[in-house]
Amino acid sequence: MGYDYEVFKSAVLQLTKIDLNAYKESQMKRRIDTLIAKHGYKGYEDYVGALQTNRERFEEFITYLTINVSEFYRDPPQWDYLDKCIIPGLIRRFGRNLKIWSAACSTGDEPYSLVMALSKHIPLHMIRIVATDLDRQVIEKAKVGLYSEKSIAAVPVGFKNKYFTKIGLSYRISDEIKSRVEFREHNLLEQNYAAGFHMIVCRNVLIYFTEEAKTEVFRKFYSSLVPGGVLFIGSAEQMINHKQLGYGRVSSLFYERPKTV
């Protein structure tokens with residue numbers, strides 16, 4: 001048998017601990033084939049050899065493989081609902097010391113948006129967000145906190161003026177906001193999940209997973225939430241089977257682990 005995509009997936013799993021079987025094959029294969037063609041490799045076997053020996057190619061592969069399209073306050077109406085309904089409800093139930101996880105946080109747009117949204121209700125020094133991503137490079141970029149004008153377009157004007165400084169054509173987020181986020185590397189498909197969260201935010205990444213992998217992630221999120229805790233997902237990730245998984249539907253993109261009686 002030749003060195004086909006199935007063999008390539010096994011090699012990638014050994015090399016990176018990323019299981020490509022959990023991703024939609026047509027999308028992932030197309031992205032990987034594009035990288036192979038870009039650098040003129042002969043095929044999967046040749047490319048695996050490069051991943052094993054060339055650190056630059058390896059880092060590029062991880063970055064390209066993990067989908068890192070992100071922006072602040074993505075889907076503004078949902079953030080408005082978060083501000084007016086979800087956050088006040090969480091504070092009523094649990095107080096202001098909320099434990100929040102931004103999963104698959106990409107370049108930090110989402111957890112930093114969360115800090116700003118929470119700051120309308122909670123003193124900044126009391127806010128703490130745990131933000132995780134598979135890709136070490138995007139975590140490093142998130143820690144730098146430098147963003148394009150397009151990326152921050154939906155940030156409310158007051159926050160934009162208060163927490164961003166223009167640096168050339170880019171905008172740097174303030175240390176006040178950055179200090180409220182703790183970044184960690186984490187693989188949603190491979191590693192254990194921490195528990196005790198009052199809210200988990202995971203948006204616009206599960207659409208790239210198979211239905212089986214997506215369901216497993218939703219199950220793990222459920223276990224990570226406290227009773228009464230809320231999961232905030234992306235607009236393309238409606239949880240059709242939420243009842244079977246134990247969730248209550250709060251609104252189109254917000255789901256709750258039911259409160260204990």
Side-chain angles (χ1 to χ4, degrees), residues 70-106 108-124 126-133 154 156 159 177 180-184 186 188 191-207 209 213-261:
S70 188
E71 59 191 42
F72 284 78
Y73 282 80
R74 191 170 185 171
D75 303 321
Q78 300 301 329
W79 287 86
D80 188 55
Y81 187 80
L82 177 76
D83 172 48
K84 292 179 178 175
C85 300
I86 299 299
I87 294 174
L90 290 174
I91 292 172
R92 281 195 300 272
R93 289 199 291 276
F94 305 114
R96 297 192 297 179
N97 288 307
L98 297 175
K99 186 177 178 181
I100 297 172
W101 177 17
S102 173
C105 68
S106 188
D109 314 49
E110 182 177 277
Y112 292 146
S113 295
L114 282 169
V115 174
M116 288 186 284
L118 287 161
S119 73
K120 293 178 67 176
H121 306 267
I122 301 170
L124 202 55
M126 292 181 65
I127 298 170
R128 176 176 170 267
I129 308 290
V130 176
T132 65
D133 200 275
F159 287 152
I177 300 297
R180 309 324 307 162
V181 181
E182 178 187 349
F183 290 98
R184 304 174 187 171
H186 182 264
L188 286 172
Q191 293 174 267
N192 293 328
Y193 292 18
F197 291 103
H198 301 108
M199 181 166 67
I200 298 173
V201 182
C202 185
R203 312 189 68 227
N204 307 298
V205 67
L206 300 185
I207 54 174
F209 291 5
K214 190 189 302 183
T215 295
E216 182 60 21
V217 169
F218 283 144
R219 288 187 194 280
K220 289 182 177 180
F221 281 154
Y222 182 92
S223 296
S224 289
L225 288 167
V226 300
V230 173
L231 174 64
F232 180 17
I233 63 175
S235 57
E237 298 164 335
Q238 303 266 349
M239 202 192 310
I240 298 171
N241 59 340
H242 68 275
K243 290 182 180 178
Q244 295 94 307
L245 295 175
Y247 288 94
R249 187 170 179 270
V250 180
S251 74
S252 60
L253 303 183
F254 293 90
Y255 297 85
E256 181 183 88
R257 176 172 174 172
K259 308 171 191 69
T260 52
V261 179

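Numbering starts at 1 and runs along the sequence shown.
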> Sub-3.5 Å donor-acceptor pair from the side chain of S113 to the main-chain atoms of Y73, do we have one?
Replying inline: yes

>> Can you tell me how far apart OG1 (T215) and NZ (K220) are? Round to the nearest 0.5 Å.
In response: 12.5 Å

> Can any side-chain N or O of H198 pair as donor or acceptor with the backbone N or O of R93 at less than 3.5 Å?
Replying inline: no

> With a 6.0 Å cut-off on ring centres, are F218 and H242 close enough?
Replying inline: no

>> Contact between M116 and F72 at the side-chain level, heavy atoms closer than 4.5 Å - yes or no?
In response: yes

> How many angstroms lie between atom CG of L98 and atom CE of M126, to the nearest 0.5 angstrom?
Replying inline: 8.5 Å

> Any side-chain heavy atom of Y112 within less than 4.5 Å of one from F159?
Replying inline: no

> Which pair of heavy atoms, one from F94 and one from G229, lies closest together, and at what distance?
Replying inline: CZ-N, 4.1 Å

> Has K214 got its NZ or CZ under 6.0 Å from the middle of the six-membered ring of F209, at an angle within 45 degrees of the ring axis?
Replying inline: no

> Would W79 and F232 count as a close aromatic pair, with their ring centres under 6.0 Å?
Replying inline: yes

>> Taking the side chain as everything from C-beta on, heavy atoms only, tell me whether V130 gets closer than 4.5 Å to I100.
In response: no

> Is the closest side-chain heavy-atom distance between I122 and N97 below 4.5 Å?
Replying inline: no

>> Evaluate I233 against V201 for side chain to side chain contact (heavy atoms under 4.5 Å, CB included), listing each step before the verdict.
In response: CA-CA 6 Å; I233 63 175; V201 182; over 6 Å; no

>> Please check this pair: side chain of H186 against backbone of A131, looking for a donor-acceptor N/O pair closer than 3.5 Å.
In response: no

> Does L225 offer a backbone N or O that forms a donor-acceptor pair with the side chain of R257 under 3.5 Å?
Replying inline: yes

>> Given 3.5 Å as the limit, does a donor-acceptor pair link the side chain of S224 with the main chain of A194, or not?
In response: yes

> What do the steps show when you test L82 against M199 for side chain to side chain contact (heavy atoms under 4.5 Å, CB included), and what is the final call?
Replying inline: CA-CA 11 Å; L82 177 76; M199 181 166 67; 3.7 Å; yes

> side chain to side chain contact (heavy atoms under 4.5 Å, CB included) between I91 and H121: does it pass, once the steps are laid out?
Replying inline: CA-CA 9 Å; I91 292 172; H121 306 267; 3.6 Å; yes

> Under a 4.0 Å N-O cut-off, is there an ion pair linking R184 with D133?
Replying inline: no

>> Quick check for you: to the nearest 0.5 Å, what is the distance between I86 atom CD1 and L253 atom CG?
In response: 10.0 Å

> What's the spacing between I127 CD1 and I177 CD1 if we round to 0.5 Å?
Replying inline: 7.5 Å

> Does D83 pair with K120 as a salt bridge, N-O distance under 4.0 Å?
Replying inline: yes

>> Quick one, E237 and C202 - any side-chain contact, counting heavy atoms below 4.5 Å?
In response: no

>> I want to know whether Y222 and F197 have ring centres closer than 6.0 Å.
In response: no

> Does the pair Q78 and S252 meet the rule for a side chain to side chain contact (heavy atoms under 4.5 Å, CB included), with working shown?
Replying inline: CA-CA 9 Å; Q78 300 301 329; S252 60; 3.6 Å; yes

> Is a side-chain donor or acceptor of Y193 paired with a backbone partner of L188 at a separation under 3.5 angstrom?
Replying inline: yes

> Just by modelled atom types, is the Y255 backbone N or O under 3.5 Å from a matching donor or acceptor in the R249 side chain?
Replying inline: no

>> Let me confirm one number: the OG-CD1 distance from S119 to I87, rounded to the nearest 0.5 Å.
In response: 9.0 Å

> What are the two closest non-hydrogen atoms of R96 and P123, and how far apart are they?
Replying inline: NH1-CD, 3.3 Å

>> Using 0.5 Å steps for rounding, measure from the OG atom of S102 to the CZ atom of F183.
In response: 8.0 Å

> For T132 and W101, does a side-chain donor sit closer than 3.5 Å to a side-chain acceptor?
Replying inline: yes

> Closest approach of P111 and V181, non-hydrogen atoms and distance?
Replying inline: CB-CG1, 4.0 Å

>> Using a 3.5 Å distance criterion without hydrogens, assess whether the side chain of R128 forms a donor-acceptor pair with backbone atoms of K99.
In response: no

> Are side-chain heavy atoms of V230 and I200 found at a separation under 4.5 Å?
Replying inline: no

